[in-house]
Student: 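Below are the structure tokens for one structure; questions will follow.
Along the sequence shown, residues are numbered consecutively beginning with 1. The figures here come from the full heavy-atom set of this structure, side chains too, leaving out hydrogens, waters and symmetry mates. If you're wondering where the values come from, they're calculated on a predicted model, not measured in any experiment.
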Amino acid sequence: MHKILVTGGAGYIGSHTVVELINSGFEPIIVDNYSNSNPLVIQNLEKLCNRSITHYEADCNDEKVLSEIFNEHNISGVIHFAAYKAVGESVSEPLKYYENNIGSLITLLKVMNRFDVSTIVFSSSCTVYGQPDQLPVSENAVIRPANSPYGYTKQVSETILQDCVHANPKFRTVLLRYFNPIGAHPSSLIGELPIGIPNNLVPFITQTGAGWRNELTIFGDDYNTSDGTCIRDYIHVIDLAKAHVKAFEWLEKNTDSIGVFNIGTGNGSSVLQTIQAFEKVSGIKLAYKIGNRREGDVEQIWASNDKAVNELNWKAIYSLEDAMDHAWKWQLKLGEKQP
């Protein structure tokens, strides 16, 4: 059984990917410092998967601890999720993002080299494209200057991984450029659990619907879109998680050293359309107001996912309404009052 190290494995996308890895016969080993996750997620994962899961509380910038974990396990490959991810926060605290997102990758790669582990699936982002000239955006699109330090850390990390491939003939990587993950596991045992005020739209929607927040602020309604609000490609987190399993299968079958894939639905939805989808599945009229544009936001972006469909043998199954329904059920499971 292949052991896969999953950094940030207690986080939102990481935890759902752990489930899909186990379902596909892999053995995940979680490393998480719980800076943006909760240790209770491990208990819920074990309940959901009906088995114990090896996990470590550790920081990926800690080379000594990472080395001890690699020394203890015969690791076949790595999925690197561990990173800060809030666009707005990255604009106000760029050094925090550079140190963690780029520094942890470098530390991880040094340890991988030392233990001769040469396969990594990297959690990248559609933010590497900036505001694309053409939509839907394909993997061949020109990489524009990033709109935020967060986006820039993903661009730099991709370059680092590409340079590692050039330097080491054995090194192989898949760069998964996520669009906007939403939703939760249908069991309601795991889902998105932001600490403090959410930076992402959907948890803010569900928290407002549950009364945790008084109202939702839409950051701008004067964009050049059908209803004036930003457009994103919202993908169910389980569909995204399954793409990581497909990425390892691709690495096993393919001789290419680098795979780059957009992971999105191929459809764009505006902020208002996403709110309307929530209102439909929940039966709740959401309280929201229009605010100023948010620095770092791209006007509109959605994926061309043809490459992932054709080469990874992957496709998105869940709809926007499915994702909002699962996110709302997860929110209701959390309770009426914010912890």
Side-chain angles (χ1 to χ4, degrees), residues 3-11 13-14 17 28-37 55-87 89-91 93-129 143 145-178 244 247-248 251 256-261:
K3 290 187 175 183
I4 307 296
L5 186 77
V6 185
T7 70
I13 304 170
T17 301
I29 298 167
I30 294 174
V31 173
D32 204 302
N33 66 358
Y34 304 117
S35 64
N36 195 33
S37 59
H55 59 280
Y56 296 88
E57 182 174 358
D59 193 301
C60 288
N61 276 303
D62 190 330
E63 187 173 343
K64 181 176 181 292
V65 172
L66 276 185
S67 296
E68 291 171 354
I69 294 169
F70 274 77
N71 189 54
E72 190 170 338
H73 300 277
N74 183 23
I75 293 169
S76 300
V78 177
I79 304 178
H80 187 47
F81 291 109
Y84 296 137
K85 62 178 183 176
V87 169
E89 183 187 53
S90 78
V91 173
E93 298 186 61
L95 295 182
K96 174 181 178 180
Y97 277 67
Y98 293 140
E99 179 180 39
N100 187 64
N101 292 12
I102 297 173
S104 67
L105 176 63
I106 292 171
T107 301
L108 175 63
L109 290 169
K110 287 165 66 178
V111 176
M112 287 176 64
N113 282 338
R114 190 176 308 137
F115 287 89
D116 200 27
V117 177
S118 56
T119 303
I120 182 170
V121 175
F122 178 65
S123 169
S124 192
S125 167
C126 65
T127 56
V128 301
Y129 296 116
I143 302 298
N147 283 40
S148 67
Y150 165 73
Y152 185 61
T153 66
K154 292 301 184 182
Q155 291 178 342
V156 171
S157 295
E158 285 197 4
T159 300
I160 290 169
L161 288 162
Q162 290 163 353
D163 289 343
C164 286
V165 167
H166 292 310
N168 181 355
K170 293 194 299 181
F171 193 82
R172 306 178 71 222
T173 186
V174 170
L175 311 177
L176 295 182
R177 293 174 177 166
Y178 309 165
H244 295 78
F248 274 110
L251 284 166
D256 293 350
S257 297
I258 304 177
V260 182
F261 300 98

Student: List the steps, then state whether side chain to side chain contact (heavy atoms under 4.5 Å, CB included) holds for Phe115 with Leu66.
Tutor: CA-CA 11 Å; Phe115 287 89; Leu66 276 185; over 6 Å; no
Student: Supply the atom-to-atom distance Asn101 CG to Ser90 OG, rounded to the nearest 0.5 angstrom.
Tutor: 8.5 Å
Student: Identify the two heavy atoms, one from Val78 and one from Ile75, that lie closest to each other, and give their separation to 0.1 Å.
Tutor: CG2-CG2, 4.5 Å
Student: Donor-acceptor pair, Asp32 side chain versus Ala10 backbone, under 3.5 Å?
Tutor: yes
Student: For a quick test of reading the model, state the closest non-hydrogen atom pair linking Ser76 to Thr119 and the distance between them.
Tutor: O-CB, 4.0 Å
Student: Any side-chain heavy-atom pair from Ile29 and Tyr56 closer than 4.5 angstrom?
Tutor: yes
Student: A side-chain contact here means heavy atoms from C-beta on lying under 4.5 Å apart; do Leu175 and Gln162 qualify?
Tutor: yes
Student: For the CD atom of Gln155 and the OH atom of Tyr150, what is their distance to the nearest 0.5 Å?
Tutor: 11.5 Å
Student: Could you tell me if the side chain of Ile4 sits less than 4.5 Å from the side chain of Val121, heavy atoms only?
Tutor: no
Student: So do the side chains of Ile69 and Val31 get within less than 4.5 Å of each other, counting heavy atoms only?
Tutor: yes
Student: Passes side chain to side chain donor-acceptor pair (under 3.5 Å), Glu89 versus Tyr97? Steps please.
Tutor: CA-CA 9 Å; Glu89 183 187 53; Tyr97 277 67; 2.5 Å; yes
Student: Could you state the interatomic distance from OG (Ser67) to CG (Asp62), rounded to the nearest 0.5 Å?
Tutor: 8.5 Å
Student: Using a 3.5 Å distance criterion without hydrogens, assess whether the side chain of Asp256 forms a donor-acceptor pair with backbone atoms of Ile258.
Tutor: no
Student: Closest approach of Lys154 and Ser123, non-hydrogen atoms and distance?
Tutor: NZ-O, 2.7 Å
Student: How long is the straight-line distance from OG of Ser257 back to CG of Asn168, given to the nearest 0.5 Å?
Tutor: 9.0 Å
Student: Minimum heavy-atom separation for Ala58 and Val65, please, with both atom names.
Tutor: CB-CG1, 3.5 Å
Student: Could you tell me which non-hydrogen atom of Thr127 sits nearest to which non-hydrogen atom of Gly151, and how far apart they are?
Tutor: OG1-CA, 3.5 Å
Student: Does Asn74 reach the main-chain N or O of Lys3 with its side chain, forming a donor-acceptor pair under 3.5 Å?
Tutor: no
Student: Could you check whether any side-chain heavy atom of Met112 comes within less than 4.5 Å of a side-chain heavy atom of Leu5, counting everything from C-beta outward?
Tutor: no
Student: How long is the straight-line distance from OH of Tyr129 back to CD1 of Ile143, given to the nearest 0.5 Å?
Tutor: 6.0 Å
Student: Are the side chain of Thr7 and the backbone of Phe81 linked by a donor-acceptor contact shorter than 3.5 Å?
Tutor: yes
Student: Show the numbers, then the answer: is there a side chain to side chain contact (heavy atoms under 4.5 Å, CB included) between Tyr84 and Thr153?
Tutor: CA-CA 10 Å; Tyr84 296 137; Thr153 66; over 6 Å; no
Student: Just by distance, do the side chain of Thr173 and the backbone of Ile120 share a donor-acceptor pair under 3.5 Å?
Tutor: yes
Student: Calculate, to the nearest 0.5 Å, the distance between atoms CD1 and CZ belonging to Ile79 and Phe122 respectively.
Tutor: 12.5 Å
Student: Take Ile160 and Leu109 through the test side chain to side chain contact (heavy atoms under 4.5 Å, CB included) and record every step on the way to the result.
Tutor: CA-CA 9 Å; Ile160 290 169; Leu109 290 169; 3.6 Å; yes
Student: Taking atom CD as the centre, does Glu68 end up with more than 12 heavy-atom neighbours from other residues, nucleotides or ligands that are less than 6.0 angstrom away?
Tutor: yes
Student: Answer whether the closest heavy-atom distance between the side chains of Glu63 and Arg114 falls below 4.5 Å.
Tutor: yes
Student: Do Arg172 side-chain atoms and Ser118 backbone N/O form a donor-acceptor pair below 3.5 Å?
Tutor: no
Student: Apply side chain to side chain contact (heavy atoms under 4.5 Å, CB included) to residues Val156 and Tyr98 and explain how you reach the verdict.
Tutor: CA-CA 10 Å; Val156 171; Tyr98 293 140; over 6 Å; no
Student: Determine the minimum heavy-atom distance between Asn61 and Ser104, stating which atoms define it.
Tutor: OD1-N, 3.1 Å
